[in-house]
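Right, one structure below, let's go through it.
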Amino acid sequence: MSAPDTPASWAVRVSRPDGAWRVELLAADAGDELPALERALGDPGAGDWPGPFVVVVDSRLYFVVLRHGPGGLVRALVSDATMQEWLLAAEVVERYGIAVDAEGAFDDDETGWPGGDLDVFADDGLSAEQLRAIVTADDLWADEMVAAIAARLGFADELAAAVTP
């Protein structure tokens, strides 16, 4: 998905009404306003389970996933929780109390340090172990990680169509 014409930052809402994947572009510039991204999730009690989720890729460096969990609480994942100099990553880490292991986080292999809910896609069939393998791959940019997740879950074509101008 890292085609030359694909933007480096974007935000999408992914849902599966009636069993078919639907991907809607929310912002072509990653939309760094966390409250707007939370609103894009919609009502936690509406629709089928599992509910929709929001994915934000910021500058191809990291991505964020937000999704309602049981009881309407928002579940959050940051592909690299050490990206605290980026506004959205810092807000997500703070708001959702994501622990950041700063000691050892900047080792020589530059592997990302995911933080938050690695089970965020478990209801869709992507386990925490499988997701961890994707988000810690040091040879993938954030948009490539999201493309790998989309391919595993079955919405790669819809995602590419939504984020490619």
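Hydrogens, waters and symmetry mates play no part in the numbers below; they use all other heavy atoms, side chains included.
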Within this structure, what is the CG-OH distance for the pair Leu77 and Tyr96, rounded to the nearest 0.5 Å? 12.5 Å
On a heavy-atom basis, which atom in His68 and which in Gly42 lie closest, and how many Å separate them? NE2-O, 3.0 Å
Mind checking side-chain contact (heavy atoms from CB on, under 4.5 Å) for Ala142 and listing every partner two or more places apart, or none if nothing turns up? Val57, Phe63
Contacts of Arg22 meeting side chain to side chain donor-acceptor pair (under 3.5 Å) (sequence neighbours excluded), chain-then-number -> Glu24
Beyond-backbone contact of Val78 with Met83, side-chain heavy atoms, under 4.5 angstrom: no
Listed by chain and number, what are the side chain to side chain donor-acceptor pair (under 3.5 Å) partners of Arg152, not counting sequence neighbours? none
Smallest heavy-atom separation, Leu41 atom then Leu66 atom, equals CD2-O, 3.3 Å
Taking all non-hydrogen atoms of both residues into account, name the closest pair between Ala81 and Ile98 and its distance. CB-CG2, 4.4 Å
Taking the side chain from Trp21 and the backbone from Leu153, do they hold a donor-acceptor pair closer than 3.5 Å? yes
Ala133: partners by side-chain contact (heavy atoms from CB on, under 4.5 Å), with sequence neighbours left out: none
Answer yes or no: is there a donor N or O on one side and an acceptor on the other, between the side chain of Arg75 and the main chain of Asp119, under 3.5 Å? yes
Separation of Thr136 OG1 from Leu118 CG (nearest 0.5 Å): 9.0 Å
Distance check, rounded to the nearest 0.5 Å: Glu33 atom CD versus Leu88 atom CG? 10.5 Å
Minimum heavy-atom distance between Ser15 and Pro52, given as atom pair plus value: CB-CB, 3.8 Å
Can you tell me how far the CG atom of Leu61 sits from the CG atom of Asp143, to the nearest 0.5 Å? 10.0 Å
Report the residues that fulfil side-chain contact (heavy atoms from CB on, under 4.5 Å) with Leu140, sequence neighbours left out, ordered by chain and then residue number. Ala137, Glu144, Met145
Between atom CH2 of Trp10 and atom CZ of Arg60, what is the distance when rounded to the nearest 0.5 Å? 10.5 Å
Set of residues satisfying side-chain contact (heavy atoms from CB on, under 4.5 Å) with respect to Ala40, sequence neighbours excluded: Leu26, Val54
To the nearest 0.5 angstrom, please state how far the CZ atom of Phe53 sits from the CD1 atom of Ile149. 8.5 Å
According to salt bridge (Lys or Arg N to Asp or Glu O under 4.0 Å), who are the partners of Asp124, at least two apart in sequence or on a separate chain? Arg16, Arg67
A quick test of your reading: do over 12 heavy atoms of other residues, nucleotides or ligands sit less than 6.0 Å from CD of Gln84? yes
Please enumerate all residues that pass side chain to side chain donor-acceptor pair (under 3.5 Å) together with Glu129, with sequence neighbours excluded. Ser127
Run the salt bridge (Lys or Arg N to Asp or Glu O under 4.0 Å) test against Arg39 and tell me which residues pass, sequence neighbours left out. none
